[in-house]
Protein chains: 2
Amino acid sequence: MSSVPSFFRYHVFFCTNQRAQGETCCQNHRAKDMQLYMKQRIKSLGLNGEGQVRVNSAGCMGRCDAGPVVVVYPDAVWYTFVDQEDIDEIITTHLQQGQIVQRLRLEVQP
Amino acid sequence: MSSVPSFFRYHVFFCTNQRAQGETCCQNHRAKDMQLYMKQRIKSLGLNGEGQVRVNSAGCMGRCDAGPVVVVYPDAVWYTFVDQEDIDEIITTHLQQGQIVQRLRLEVQP
């Protein structure tokens with residue numbers, strides 16, 4: 001639809017929403033820690049900024065039962081994750097090599 | 001890149017970041033109010049949910065000087081806005097009709 005290139009090559013959004021205690025939510029799985037970890041890794045690799053990668057936190061993205069979730073736009077690819085190794089794999093495989101990490105990918109239809 | 005359809009037809013992110021008083025930031029321009037307004041309008045139009053539209057808040061998206069900013073993915077189209085009329089135009093023209101609102105669009109290179 002757009003003839004203008006994306007401002008960020010990859011724009012990554014982590015749901016870091018915290019719901020009331022006991023309710024399923026991404027923040028129950030250290031989502032904020034993982035978002036900050038990816039943000040720092042992207043910066044240390046020199047991949048941050050315009051034309052490259054932006055790593056954001058976001059409010060509830062409506063996929064609580066599949067959480068923790070992160071989405072990579074404009075590709076619209078959703079992942080779940082457990083730890084820093086998973087985040088590293090998303091960085092290396094998707095954000096650096098442009099390939100989908102099938103192991104961590106969420107199905108569109110749960 | 002992906003053969004799977006986008007979980008949300010349009011995923012809209014408002015920067016609602018509040019920086020220290022006096023610093024340029026989106027929240028100085030009622031970004032959170034406008035995000036909630038769009039979210040409620042989308043719901044009242046029956047456009048919310050899977051396969052349709054999701055309206056999210058997000059942390060700083062790094063375009064403070066152009067703010068307030070909102071980005072529509074997977075199209076990767078960025079807008080600024082002033083008031084509810086601008087939000088209504090983005091809803092009607094972009095999210096319902098699939099056309100870009102050129103009047104409000106941000107240039108990729110500021």
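Quick caveat, the model's predicted, so the values are computed rather than measured. To find a chain, count down the sequence lines: A is the first, B the second, and so on, and within it residues start at 1.
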How close do A:Pro74 and B:Tyr73 get, heavy atom to heavy atom, and via which atoms? CA-CD2, 4.1 Å
From A:Phe13 CZ over to B:Phe13 CZ, what is the distance, rounded to the nearest 0.5 angstrom? 4.5 Å
Take atom CD of B:Gln102 as the centre, draw a 6.0 Å sphere, and report whether it contains more than 12 heavy atoms from other residues, nucleotides or ligands. yes
Same cluster or not: are A:Val101 and A:Val77 linked, directly or through other Ile, Leu, Val, Met, Phe, Trp or Tyr residues, by side-chain heavy atoms under 4.5 angstrom apart? yes
If Ile, Leu, Val, Met, Phe, Trp and Tyr residues are connected whenever their side-chain heavy atoms lie under 4.5 Å apart, and connections chain through other members, are A:Tyr37 and A:Leu104 in the same group? yes
CD of B:Gln97: more than 12 outside heavy atoms within 6.0 angstrom? yes
Please give me the minimum heavy-atom distance between A:Met61 and B:His11, naming the atom from each residue. SD-CE1, 3.7 Å
Portion of A:Cys60 that has a non-hydrogen atom of chain B nearer than 4.5 angstrom: both
